[in-house]
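The structure under discussion appears below in the form of structure tokens.
Quick note on labels: first sequence line is chain A, next is B, and so on, each numbered from 1.
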There are 2 protein chains.
Amino acid sequence: MAKRKITSTNSINRDNLIDFCGMVYAVDLLGGRWKLLILYKLEQRILRFSELKKKLPGISDRMLTLHLQELEQHGLLIRTVYAEVPPRVDYQLTDSARLLIPIWQQLEQWGLQHRSVMEQVEAEPVEEAGNRN
Amino acid sequence: MAKRKITSTNSINRDNLIDFCGMVYAVDLLGGRWKLLILYKLEQRILRFSELKKKLPGISDRMLTLHLQELEQHGLLIRTVYAEVPPRVDYQLTDSARLLIPIWQQLEQWGLQHRSVMEQVEAEPVEEAGNRN
DNA sequence: GCCATTACTTACAATTTTGTGTGCTGCACA
DNA sequence: TGTGCAGCACACAAAATTGTAAGTAATGGC
């Protein structure tokens, strides 16, 4: 996510797709393990680093730091540093990130619905009705 | 994407987040390099393997196969095999995947808009106006 | 002086994803 | 007899992401 070897096919493909398509670009910005969740936690209010950490069980300092930095670089959140000791830093969504809120809400709905559909399908006896061969 | 070591922290975190949140689950299903684009190409009509390949410049056989298999497993597309030689296989969206169409259209819009905002910001002189320290 | 605090950084290791190259099927056409 | 086709499978290599463990700074309380 951080450092890339810009000559690799992997990286070239990524860049091509990002240039080519706003959707891929969007998913690229949001695609880390914790990114969407970080944004989601910030939907309600400003949070500081330690508060975010509490709300994301299982995340390490490093991962939180990395994702926050990238989200900031990509214009999705605003980082505010207070000159105190011990340090205090807080994070809030940018306007552009707020425009995403209705989208991720729909994604949440779709995800829950799709999962329940999947669970039903798995519970059914397999019939292979789709293949005409 | 395919094989995972289910005891790793990486994998455990992933599973926990997926269980916990429909949004993360959704992004997990759609998160491969080419997946959203594959679905998008299938929005208009059924396509066969070779047609998809033409529409996705830079993709290898293997990547296309892998993503198609996973999308099928996850209930996002339907694979139909015809008993012909040479083989013919085609792919179409499931109903559940069709429900995603308006969402990815919004994501596409947001992506284009956000990118143009980002380009403006980068063009401006840096002022660091956000940090009070 | 000694320690806890907070938001990090660094070096490293493990895991996961992506890509490359080869080969396979079974028939049609030359 | 040889070649091409389409949709893969396989073994392997490269790259990207994620996680672990150990630091660091300056201050306030004891």
Quick one: is [X] getting a side-chain N or O under 4.0 Å of the [N] phosphate, OP1 or OP2?
X: A:Arg88; N: D:dA26; result: no
X: B:Asn13; N: D:dG19; result: yes
X: A:Arg48; N: C:dT5; result: no
X: B:Ser8; N: C:dT16; result: yes
X: B:Gln69; N: D:dG7; result: no
X: A:Tyr91; N: C:dC8; result: yes

Mind calculating the distance between [atom1] ([X]) and [atom2] ([N]) to the nearest angstrom?
X: A:Leu66; N: C:dA11; atom1: CG; atom2: C1'; answer: 13 Å
X: B:Asp15; N: D:dG19; atom1: CG; atom2: P; answer: 12 Å
X: A:Ile59; N: C:dT6; atom1: CD1; atom2: P; answer: 17 Å
X: A:Arg14; N: C:dT18; atom1: CZ; atom2: C1'; answer: 12 Å
X: A:His67; N: C:dC8; atom1: NE2; atom2: C1'; answer: 16 Å
X: A:Asp61; N: C:dT5; atom1: CG; atom2: C1'; answer: 13 Å
X: B:Leu64; N: C:dG19; atom1: CG; atom2: P; answer: 11 Å
X: A:Met63; N: C:dA13; atom1: CE; atom2: P; answer: 16 Å

Side chain of A:Thr9 - closest among D:dA16, C:dC27, C:dG19: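 Ranking D:dA16, C:dC27, C:dG19 by closest atom to the A:Thr9 side chain puts C:dG19 first.
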A:Val85, nearest nucleotide to its side chain (from C:dC8, C:dG26, D:dT27):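 The closest nucleotide is D:dT27.
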Which residue lies more 5' along DNA chain D, comparing A:Pro87 with A:Ser60 via nearest heavy atoms: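 Closest to the 5' end, via its nearest nucleotide, is A:Ser60.
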Atom pair CG (A:Asn13) and CE (B:Met63), whose distance is rounded to the nearest 0.5 Å: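 So the CG of A:Asn13 and the CE of B:Met63 are separated by 10.0 Å.
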Interatomic spacing from CG in A:Leu17 to CD1 in A:Ile12 - rounded to 0.5 Å: 12.0 Å
A:Tyr91: which of A:Leu76, A:Ile38, A:Leu47, A:Leu52 passes side chain to side chain contact (heavy atoms under 4.5 Å, CB included):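 Answer to the side chain to side chain contact (heavy atoms under 4.5 Å, CB included) test with A:Tyr91 among A:Leu76, A:Ile38, A:Leu47, A:Leu52: A:Leu52.
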Cationic N near anionic O, under 4.0 Å, A:Glu70 to A:Lys35: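 Looking at A:Lys35 together with A:Glu70, the answer is yes, because their closest N to O distance falls below 4.0 Å.
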Pair B:Glu43 + B:Arg98: basic N to acidic O under 4.0 Å: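 Salt bridge absent between B:Glu43 and B:Arg98.
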Sugar-phosphate only, base, or nothing, as touched by A:Glu51 at under 4.0 Å among non-hydrogen atoms: nothing
Touch class at under 4.0 angstrom, heavy-atom based, for B:Ser50 against every strand present: sugar-phosphate
Nearest-nucleotide comparison on DNA chain C, the residue closer to the 5′ end among A:Thr65 and A:Pro86: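 In this pair, the answer is A:Pro86.
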C:dT20 base / B:Arg62 side chain donor-acceptor hit below 3.5 Å: yes
Over 12 non-hydrogen atoms of neighbours within 6.0 angstrom of OH in A:Tyr25: yes
